[in-house]
Structure formats: structure tokens, C-alpha cells
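Computed from a predicted model, the values in this text were never measured in an experiment.
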Amino acid sequence: MRRRLWAGCSQLLPREAGLCARKLSAFAAVAAPRHGPWSPALPGTSAGLLRRLALGHGALCRWGSQFNVPPSAQFVARPVGVCSMMKLPIQESPEGLDAAFVGIPLDTGTSNRPGARFGPRQIRAESVMVRRYNGSTGAAPFDSLQVADIGDVNVNLYNLPDSCRLIRESYQKIAASGCVPLTLGGDHTITYPILQALAKKHGAVGLVHVDAHTDTGDRALGETIYHGTPFRRCVEEGLLDCSRVVQIGIRGSSYDPDPYKYCRDQGFRVVPAKECWGKSLVPLMAEVRRQMGDKPVYLSFDIDGLDPAYAPGTGTPEIAGLTPAQALEIIRGCKGLNIVGCDLVEVSPMYDVSGNTALLAANLLFEMLCVLPRVKTM
């Protein structure tokens with residue numbers, strides 16, 4: 001049955017794909033998920049066949065790779081297959097991976113518009129437009145690292161402290177495996193337990209933080225954990241190397257006449273959005289690289305760091321923000337840093353009618369993957 005089905009498919013695919021199909025058996029073991037079963041999408045369809053189709057082995061035959069590779073839309077239609085980040089294989093654990101996309105569907109810590117719990121799902125859906133190579137920088141992450149989507153942390157939507165515990169425990173396992181997490185949020189509360197886990201392995205880390213807000217509040221409505229407090233909690237617990245913290249894109253009205261005083265008192269460098277208007281951020285990032293040195297660095301990117309004209313789908317938008325081009329300059333400017341983790345947070349699809357915010361988020365996560373250590377250029 002498998003031979004007949006594959007023969008029929010071969011007649012419908014381009015000749016090059018048919019030629020590649022005869023070589024698939026040599027690659028199946030490499031590209032298959034290492035943990036967990038692959039569930040066929042259609043009753044009676046060969047799981048092995050769907051695996052080969054979904055993983056885009058037309059591209060694998062053309063370019064060759066010992067790593068997981070996103071499928072090419074030249075051979076596999078974008079709407080086909082399980083919804084994973086860039087349609088990469090899904091596996092249950094980070095074992096054997098150099099980097100992994102992880103979702104944290106939590107928005108219990110939001111203070112204004114909710115919906116970021118649906119961010120990971122929508123970012124994955126829009127990521128079908130992201131391809132294998134970075135044509136601007138030449139980065140080839142899928143020829144350099146073993147990457148997969150390891151699903152979502154099973155958070156407790158009814159108990160924020162318990163969710164933080166679940167996130168921390170999950171990321172301790174990821175860190176112990178040697179895998180670098182690239183996180184799809186979720187509201188910005190999630191960065192606090194992530195850094196708890198990573199600091200346990202790496203010690204206090206440097207931070208490149210892109211955001212409209214400093215997220216260094218103390219409490220709100222009597223609570224000390226929500227998306228406005230993660231970096232104050234991190235400072236209190238010694239998770240951050242405060243001499244290596246840079247916050248970029250900060251703006252908006254405030255409750256305090258000197259809203260950045262706490263950050264300055266800790267030694268943070270704050271770069272308000274008004275200092276970024278109308279200019280390239282390449283010179284800034286050269287300074288950031290010197291400041292960060294070769295010690296561990298975490299990159300946290302709140303999508304509301306961008307102007308809501310580009311990223312309306314978020315919970316606490318602020319006018320006059322960064323542009324997508326500046327976002328690329330910031331992330332690409334992190335190339336060469338010892339990055340131990342990244343996140344992209346606060347995408348709220350219900351305010352993102354066009355899908356552009358999630359599409360932008362998916363591309364920025366790809367850019368983060370491209371600047372990880374050991375990613376080579378073509």
C-alpha cells in the first residue's frame with residue numbers, strides 16, 4: 001500500500017521531488033522526531049509517508065543536511081501538516097537538540113488586554129512563511145544546529161505562581177540538556193521563571209531587553225508577580241548581571257516623574273525610543289556587544305517594543321516605537337554574543353486581525369535562531 005500511495009504522489013509532484021523520493025529512506029532516520037510518535041493526519045495514511053512529506057525532503061535532497069530542515073513549499077503545501085514552528089519536527093524532550101522552540105501559552109499576568117496565551121499557536125501558524133536560510137545575513141541555522149519544536153509548557157492558568165514553578169522546572173530540564181530555548185510567549189511574566197532556571201546553570205546573565213516598558217515595577221493590586229515586575233524580581237534574586245543589562249525602545253507615559261530611576265540605580269543602560277527615532281541602531285549594538293563581552297546573555301523581546309503600526313496585536317501598546325528594520329538591527333547585532341536563551345512575548349492574536357504581528361514575531365524568532373553560537377553562514 002505504501003508503495004502504491006507514494007507512486008501516486010510522485011506523479012503529482014515535480015520531477016525533482018520524485019527523484020528525491022527514491023532517496024528518502026537514507027534520510028528518514030535523521031529527520032524523524034527522536035521522541036514521541038508521529039500521528040498521521042489522515043486515517044489510513046502511512047505515518048512514514050506523512051513524515052517524509054511534512055519534513056520537506058525535496059529540500060533535503062537538493063542541499064543535504066544532517067539536521068532537521070524546514071520543508072520547502074516547492075514540495076509541501078504550506079497548509080499541510082501539524083502546526084509546529086516552521087513546520088519542524090515535534091519531539092517531547094530537548095534531548096539531542098542544540099536549540100528548541102518552546103511555547104508558554106500564559107497571559108494570567110497581563111494588566112491590560114489579554115490574549116497572549118494564544119500567541120504561541122498563532123506564531124507557529126504564521127511561521128510557515130519563514131524559510132530555511134537567512135538571505136540577508138547568510139545564516140544557515142539548519143545546516144549548523146539540530147533544532148525542533150518541543151511543544152508547550154503545561155501552565156496553570158488559574159494560579160500564576162504555580163505556572164512560574166512549572167515553567168522553571170521545565171526550563172531547568174532544557175538547560176540541563178544543553179539545549180538553547182527560543183520561547184514563544186505568553187506575557188512577559190514568563191521571563192522571570194525562565195531566568196531562574198538559566199541562572200541556576202549559567203550564573204547571573206546579561207540581558208538585552210527590547211520593550212516599551214522596563215518591567216521593573218514592584219507590585220500591582222498587592223501582587224508582586226505579573227508582567228510588569230519580572231526584572232525587579234530577577235534583580236532581587238541575583239539572576240541578572242546588572243552591569244550587562246540594556247533596555248531598548250522604552251517609552252510611554254508613567255505613574256512616576258522619573259520612571260527609569262530604579263533601572264539606573266541598578267546599573268542598567270536604558271535606551272529610550274526617542275533616542276532611536278530616525279536612525280540606524282547598528283552603532284548602538286556595537287556598544288552593546290562590547291558591554292556584554294563573552295559571558296552568558298539572554299535576549300528578551302516584547303513585541304510592544306515595536307510601534308503598534310507594525311505590531312498592533314499586543315496587550316499594552318505604546319505609540320512611537322521601533323520599526324521592524326530596527327528590530328532586525330538589534331537582533332542581528334547580537335551575533336557573536338554568548339546567547340543562552342531568547343524569548344518573544346506579548347503577541348495577542350485577537351488584536352492582530354491581519355496576522356502581521358504574529359508573522360513579525362515568527363520572523364524575529366528565526367532571526368534569534370540565526371545569531372545563536374555555532375550558526376555558520378553560507
Query raised in the report: Does a donor on one side chain and an acceptor on the other come within less than 3.5 Å for Ser280 and Glu329?
Result: yes

Report summary line: Between the CG atom in Asn68 and the CE atom in Met86, the distance rounded to the nearest 0.5 Å is 11.5 Å

Requested in this report: Indicate yes or no: at least one non-hydrogen side-chain atom of Pro317 is less than 4.5 angstrom from one of Arg113.
Outcome: yes

Query raised in the report: Taking atom types as modelled and ignoring hydrogens, do the side chains of Ser84 and Asp149 form a donor-acceptor contact shorter than 3.5 angstrom?
Result: no

Report task. Mind telling me whether Phe142 and Phe366 have parallel, tilted or perpendicular rings, with 30° and 60° as the class edges? Result -> parallel

**Report entry** In one Ile/Leu/Val/Met/Phe/Trp/Tyr side-chain cluster, 4.5 Å: Val375, Val180
**Finding:** yes

**Report entry** Distance-only donor-acceptor check, side chains Asp187 and Thr110, under 3.5 Å
**Finding:** no

Query raised in the report: With a 4.5 Å limit on heavy-atom distance, are the side chains of Arg251 and Lys274 in contact?
Result: no

Query raised in the report: Nearest 0.5 Å, what's the CG-CD distance between Leu207 and Gln247?
Result: 7.0 Å

Query - Glu287 side chain to Gln291 side chain, donor-acceptor N/O pair below 3.5 angstrom - result: no

Report task. Answer yes or no: is there an ion pair linking Asp258 with Lys261, defined by an N-O contact shorter than 4.0 Å? Result -> no

Query raised in the report: With a 4.5 Å heavy-atom cut-off, do Pro161 and Asn159 have their side chains touching?
Result: yes

Query raised in the report: How many angstroms lie between atom OG of Ser144 and atom CE of Met378, to the nearest 0.5 angstrom?
Result: 8.0 Å

Query raised in the report: Do Leu360 and Val208 sit in the same hydrophobic cluster, where Ile, Leu, Val, Met, Phe, Trp and Tyr count as joined when their side-chain heavy atoms come under 4.5 Å apart?
Result: yes

Query raised in the report: Is atom NZ of Lys295 surrounded by more than 12 heavy atoms (other residues, nucleotides or ligands) closer than 6.0 Å?
Result: no

Query raised in the report: If you measure from the Lys or Arg side-chain nitrogens to the Asp or Glu carboxylate oxygens, is any gap between Glu169 and Arg165 under 4.0 Å?
Result: yes

**Report entry** Interatomic distance, Phe268 atom CZ to Thr216 atom OG1 [nearest 0.5 angstrom]
**Finding:** 7.0 Å

**Report entry** hydrophobic_cluster_shared for Tyr262 and Leu195, side chain cutoff 4.5 Å
**Finding:** yes

Query raised in the report: Are Leu284 and Val282 in one and the same hydrophobic cluster, where Ile, Leu, Val, Met, Phe, Trp and Tyr link if side-chain heavy atoms are under 4.5 Å apart?
Result: no

Report task. Would you kindly confirm whether Leu372 and Val130 end up in one hydrophobic cluster when ILVMFWY residues are joined by side chain heavy atoms under 4.5 Å apart? Result -> yes

Query raised in the report: Does anything in residues 194-220 pair up under salt bridge (charged side-chain N to carboxylate O under 4.0 Å, His left out), and if so which pairs, sequence neighbours excluded?
Result: Asp218-Arg233

Requested in this report: Measure the CG-OG1 distance between Asn156 and Thr108 for me, rounded to the nearest 0.5 Å.
Outcome: 8.0 Å

**Report entry** Pairwise salt bridge (charged side-chain N to carboxylate O under 4.0 Å, His left out) hits with a residue in residues 361-378, at least two apart
**Finding:** Asp98-Arg374, Arg332-Glu367

Requested in this report: Using side-chain contact (heavy atoms from CB on, under 4.5 Å) as the criterion, point out the one residue from Val246, Val271, Leu364, Leu281 that pairs with Ile330.
Outcome: Leu281

Query - Pairs involving residues 289-332, ordered by first then second residue, that meet ring-ring contact (aromatic ring centres under 6.0 Å, His included) (sequence neighbours left out) - result: none

Query raised in the report: What do the steps show when you test Tyr133 against Asp143 for side chain to side chain contact (heavy atoms under 4.5 Å, CB included), and what is the final call?
Result: CA-CA 9 Å; Tyr133 294 109; Asp143 293 274; 3.0 Å; yes

Query raised in the report: For atom CG of Asp294, is the number of surrounding heavy atoms from other residues, nucleotides or ligands below 6.0 Å larger than 12?
Result: no

Requested in this report: Run the numbers on Leu157 and Leu106 for side chain to side chain contact (heavy atoms under 4.5 Å, CB included), then give the verdict.
Outcome: CA-CA 7 Å; Leu157 295 176; Leu106 180 72; 4.1 Å; yes

Query raised in the report: Are any non-hydrogen side-chain atoms of Val245 and His209 less than 4.5 angstrom apart?
Result: no

Query raised in the report: Rounded to the nearest 0.5 Å, how far does CG of Leu369 lie from CG of Leu145?
Result: 6.5 Å

**Report entry** Note, Thr229 side chain near Tyr192 side chain (heavy atom, < 4.5 Å)
**Finding:** no

Query raised in the report: Do Ser93 and Lys173 have side chains that get closer than 4.5 Å, going by heavy atoms?
Result: no

Query raised in the report: Could you go step by step and tell me if Gln266 and Leu240 meet the side chain to side chain contact (heavy atoms under 4.5 Å, CB included) rule?
Result: CA-CA 10 Å; Gln266 310 314 308; Leu240 295 176; over 6 Å; no

Requested in this report: Check whether any side-chain heavy atom of Asn154 lies under 4.5 Å from a side-chain heavy atom of Leu166, and answer yes or no.
Outcome: no

Query raised in the report: Which is it for Val147 and Phe101 under the side chain to side chain contact (heavy atoms under 4.5 Å, CB included) test, yes or no, and what are the steps along the way?
Result: CA-CA 8 Å; Val147 187; Phe101 292 104; 3.8 Å; yes

